[in-house]
Amino acid sequence: MKKRTLFASALLAGGAILGTAAVAQEQLPTHLKELLELGMHPGHSFVDEGREMFHKPGPNGKSCATCHGQDGVKLEGAYAKMPRYYKDIGKVADIDLRILACMTKYMGYDKNDKKFMKKFNKWSGPYRVPLASYVASLSNGQEINVQLNHPEEKRMYKLGEELWFMRVGARDFSCGICHTVLAGKRIRLQGLPDPVKQKVYTHWPAYRFGSDRMWTMEDRVRSCWKAYFLYVKQWNEKKDWVKKPPPYSEWVIALELYMKKAANGGTIEVPGLLR
Amino acid sequence: MKKIVIAGAVAGLGLLVACQPAAQQTEAPKKEVTAQKKKLSKHEKFKIALENQDKYQKACSNPVQLVPEGIDIETFKKEMLATVKFPEGGVVGKNIARGEKLFGDPKKGGKSRRGNCYACHCGDPQIIACGNIGPSLRGYGKRGIDPKETYIRIYNSWAVNPCSVMPRLGYHGVLSPEEIADIVAYMHDPNSPLNK
């Protein structure tokens, strides 16, 4: 924890950096590029933390390394093919859900333990984000190669494509409105990327300066739903606003699969760095 | 009555809207009981939220996104126009200050993001944090546009332009007819920063 904060504050200390980052559009400001070249990337401390956690025994004495090898050797390249279908859990999983499944199924962590789940879900917790960042980094330099072999993978991909273009909610939005139709335009001051054409998945999980946080694609996708103003009965900012899909739900993983497949052939380079 | 007036002033919404929560107060306990009985899980809530998609949104959910499929454009527009409800006091409201807040920059006191016009439009030259998704509304009131047209556009933009990226703010109840009328007043007022 301390390590992360230190890195972040060192970077943000030069207020100018944050200022530039806040108005930057598509590209990283040169300050950040220079810091990257110096090897100062706040995302790396999450990877380091994930590596430590990877080798730490869980409640039943097993660590991730017990099954996946010292330094995760057996997981090299795995992230390039995710999300995919897993027989042991009977569903398509993204990196977040896969880690959760391994911890609860194979390491003695309890899915019904609310305290554990809260810690797992939290962006600043010791499990999900650091482990996802570390496991993803084991595929650095590899090309994304998502295949749709299993019928569940095909079904989820179709669902993802449908959701991408689905106009819904009190603002009539869809992912496609902001990211396909309006790509390149500016919503307030934020430039709108095209995650499909630009193969942005190559740089996720990513550290975001704006929020001073490391995000997995789960976090990114779920947050974008907030713009829709979804509701159960009648949209109301205070009383009836369905902000995000539940974590690790099909709605999120389907969209991830849709975007990751579009990024096939792109070279993984994580953690990414965004404003 | 005093209570209601204070509530109205605090919420900055005017009497009409402020009356509603007060009137509902007597019924509140009953509602809570029914709400508790069928407390929905997060999964159920999200599922319902997606199922709330209306047939017009569905028609716009094709890869082109901006052209309806399965409904002819003229019928689409006519049906959308039929949803537009007009306020009793006419399409030009009296509370220009409220209109400005709703048009809104949060920094200028419009805390709510309901209107959020600046996300897509520029307007008041003082506000540089504005998007370029829709056309600039600078000088809008000087173009001789009928305020009724402005009202319809904000209430239900799909009555003018099916599948537009501009949300149907009145149709969905994000803004009330009276609130939209105040935005119209702000946009057409010669003294509005939009038109100066």
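A, B, ... follow the sequence lines: proteins, then strands. Residue 1 opens every chain.
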**Student:** Which atoms of A/F229 are under 4.5 Å from chain B, going by heavy atoms: the side chain, the backbone, both sets, or neither?
**Tutor:** side chain
**Student:** May I ask you to name which of B/V174, B/N62, B/L50 has the most heavy-atom pairs under 4.5 Å with chain A?
**Tutor:**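 Among B/V174, B/N62, B/L50, the one with the most close pairs to chain A is B/L50.
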**Student:** Under 4.5 Å, counting heavy-atom pairs only, tell me which of A/V181, A/T180, A/N236 racks up the most with chain B.
**Tutor:** A/V181
**Student:** Can you check side-chain hydrogen bond (donor to acceptor under 3.5 Å, both in side chains) on B/Y171 and B/D54, steps first, answer last?
**Tutor:** CA-CA 11 Å; B/Y171 172 86; B/D54 70 27; 2.7 Å; yes
**Student:** Working note: A/K115 + A/D110, criterion salt bridge (Lys or Arg N to Asp or Glu O under 4.0 Å); need CA distance, chi angles, decisive distance, verdict.
**Tutor:** CA-CA 9 Å; A/K115 242 169 112 182; A/D110 182 4; over 6 Å; no
**Student:** Given the options B/C122, B/C163, B/P63, which has more heavy-atom pairs under 4.5 Å with chain A than any of the others?
**Tutor:**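 Heavy-atom pairs under 4.5 Å are most numerous for B/P63.
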**Student:** Please confirm whether the backbone N or O of A/V232 pairs with a side-chain atom of B/N52, one donor and one acceptor, at under 3.5 Å?
**Tutor:** yes
**Student:** Below 4.5 Å from any heavy atom of chain B, which atoms of A/K244 appear? Answer side chain, backbone, both or neither.
**Tutor:**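 When you check distances to chain B, only backbone atoms of A/K244 fall under 4.5 Å.
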**Student:** Among the options B/K58, B/E51, B/K47, B/H121, pick out the one with the most heavy-atom pairs lying under 4.5 Å from chain A.
**Tutor:** B/K47
**Student:** May I ask you to decide if A/P193's main-chain N or O and A/H179's side chain share a donor-acceptor pair within less than 3.5 Å?
**Tutor:**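 At least one qualifying donor-acceptor pair exists.
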**Student:** Could you report the tightest heavy-atom contact between B/H43 and A/W251, atom names first, then the distance?
**Tutor:**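 Closest approach of B/H43 to A/W251: O-CH2, 3.6 Å.
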**Student:** Name the region of B/S164, side chain, backbone, both or neither, that has any atom closer than 4.5 Å to a heavy atom of chain A.
**Tutor:**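 Just the backbone, heavy atoms under 4.5 Å.
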**Student:** Check each atom of A/I177 against the heavy atoms of chain B and say whether the ones under 4.5 Å are side chain, backbone, both or neither.
**Tutor:**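 Its backbone and side chain both get close to chain B.
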**Student:** Does A/E218 pair with A/R128 as a salt bridge, N-O distance under 4.0 Å?
**Tutor:**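 Salt bridge between A/E218 and A/R128, a charged N being under 4.0 Å from a carboxylate O: no.
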